[in-house]
Amino acid sequence: MPKSIRVRRWFSTSGEEATELREKWIPGIEANEEEPGWDPERNPSAIVEIARERVQLDVLGPLKSGKEATVYVCRASGTTGVRLVAAKLFRDLTTRGFRNDAVYRAGRNFGRERLNRAYNKGLLDPGLRLSLWVGAEFEALHRLHRVGADVPRPLLVSSRWMLMDFVGNDQGPAPMLARVKLTAEEAAATFERIMRNMRLFLSCDIIHGDLSAFNVLWWQGAPRIIDFPQAVDPRTNPNSFDLLTRDARIIGTYFSRYGVGSDSVLRVMSDWEDYLRGRLAKPTPRES
């Protein structure tokens, strides 16, 4: 049975329709200490705290299983209403299938020189390494969402999981761009929007590092870029330029079927030069 049908079934049998919050949720920083080890696979219900509000999370079912994590659809009920959120549960570093992570690990900076050296050499305890990896993705999403990038809003992070806005509605999740057939006009506009996002990422000192049509969702006529666990900082990672141009080449190849995207690599090379010369203005964060 296709995932979209299963998700619709979960929603239709969940006993409660999702509605928009009457107030905005402000991204949290850490999970409630009462539930530090919440695991959607073992405990489908939990109480967490988001922006000083206690929220009941109920897992409706798995949405996506990838090489580094599984994403679950959850119903989140609090004093401000009910909505759908996505909980991303990361796999243990010893079992997940993310290859060549040394390419992304190089140059990661956690503010302490000794910790940086141990992390980059792969000497840290796997649990601590995983916590740092999860925190890095949350921080990247938080920074990008604040400046208006087309990414999901992060809400909460713990040592092994992250909570973010669900991209979709009670009828099902947003499809991957790779599964959508665009019109010529939509393709041209979407390609331009993704390229602008890549430039915006760079201005925030972030390179996605694994960008493709499978890591872009199509929702309400616009792209939403997801999956940032391998995002790198171009100020410190020696592989940054190669990762940036690879992202551009893959995106350009995908859009070539629509007759656009042939200049993707040249454009990010120009962006890279602007970045190195300090010509990319730092974006102003919007109010939460």
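Because only heavy atoms are used, hydrogens play no part in the values below, and waters and symmetry mates are left out as well, while side chains stay in.
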Are the side chains of [X] and [Y] in touch, meaning some heavy atoms are under 4.5 Å apart?
X    : Y    : answer
V216 : M176 : no
V268 : D247 : no
V134 : S159 : no
F166 : P173 : yes
R246 : S212 : no
V151 : F201 : yes
W218 : L182 : yes

Open item on the list: With a 3.5 Å distance limit and no angle check, can you tell me whether R143 reaches the backbone of A140 through a side-chain donor-acceptor pair?
Closed with: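 Not at all, since once roles are kept as given, no pair shorter than 3.5 Å links the two residues.
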Does [X] belong to the same Ile/Leu/Val/Met/Phe/Trp/Tyr cluster as [Y], with side-chain heavy atoms less than 4.5 Å apart forming each link?
X    : Y    : result
V232 : V147 : no
L243 : I206 : yes
I50  : L89  : yes
L57  : V59  : yes
V167 : L63  : no

Open item on the list: Would you say that more than 12 heavy atoms from the other residues, nucleotides or ligands in this model lie under 6.0 Å from the CE of M269, or not?
Closed with: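 Result for CE/M269: open.
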Using 4.0 Å as the upper bound for N to carboxylate O, is an ion pair formed by [Y] and [X]?
X    : Y    : answer
K88  : D227 : yes
D205 : K282 : yes
R224 : D165 : no

Task: T70, L156, V71 screened by side chain to side chain contact (heavy atoms under 4.5 Å, CB included) with W161, the one that passes - done: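 Filter result, single survivor: L156.
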Open item on the list: Is it true that R279 and S270 share a donor-acceptor pair across their side chains at a distance under 3.5 Å?
Closed with: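 Distance-only check fails for S270 and R279.
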[atom1]/[X] to [atom2]/[Y] distance, rounded to the nearest 0.5 angstrom?
X    : Y    : atom1 : atom2 : value
L202 : I207 : CG    : CD1   : 5.5 Å
T245 : I250 : OG1   : CD1   : 9.5 Å
E68  : F90  : CD    : CZ    : 6.5 Å
F255 : I194 : CZ    : CD1   : 4.0 Å
E139 : D233 : CD    : CG    : 11.0 Å
L211 : Q230 : CG    : CD    : 9.0 Å

Closest contact, heavy atoms only, [X] versus [Y]:
X    : Y    : answer
R52  : E49  : CA-OE2, 3.5 Å
P283 : C204 : CG-SG, 3.7 Å
Y72  : P40  : CD1-CB, 3.8 Å
A76  : V55  : CB-CG1, 3.8 Å
R193 : P223 : CD-CD, 3.7 Å
D271 : L280 : O-CD1, 4.0 Å

Task: Geometric class of the H142/F138 ring pair [parallel <30°, tilted 30-60°, perpendicular >60°] - done: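 The arrangement is parallel - the two ring planes meet at less than 30°.
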Open item on the list: Parallel, tilted or perpendicular, judged at 30° and 60°: which one describes the rings of F241 and W272?
Closed with: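 Tilted: the ring planes of F241 and W272 meet at 30° to 60°.
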- [ ] Quick one: do D263 and F191 satisfy side-chain contact (heavy atoms from CB on, under 4.5 Å)? Show the steps, please.
- [x] CA-CA 11 Å; D263 61 344; F191 170 70; 3.8 Å; yes
Task: From CA spacing to verdict: side-chain contact (heavy atoms from CB on, under 4.5 Å), M198, I225 - done: CA-CA 10 Å; M198 292 180 68; I225 301 173; 5.8 Å; no
- [ ] Decide yes or no on side-chain contact (heavy atoms from CB on, under 4.5 Å) for L60 and R75, but give the supporting numbers first.
- [x] CA-CA 7 Å; L60 301 179; R75 184 176 59 245; 3.5 Å; yes
TODO: In sequence, state the C-alpha distance, the side-chain angles, and the governing distance for Y275 and R199, and then conclude on side-chain contact (heavy atoms from CB on, under 4.5 Å).
DONE: CA-CA 9 Å; Y275 177 77; R199 183 178 174 90; over 6 Å; no
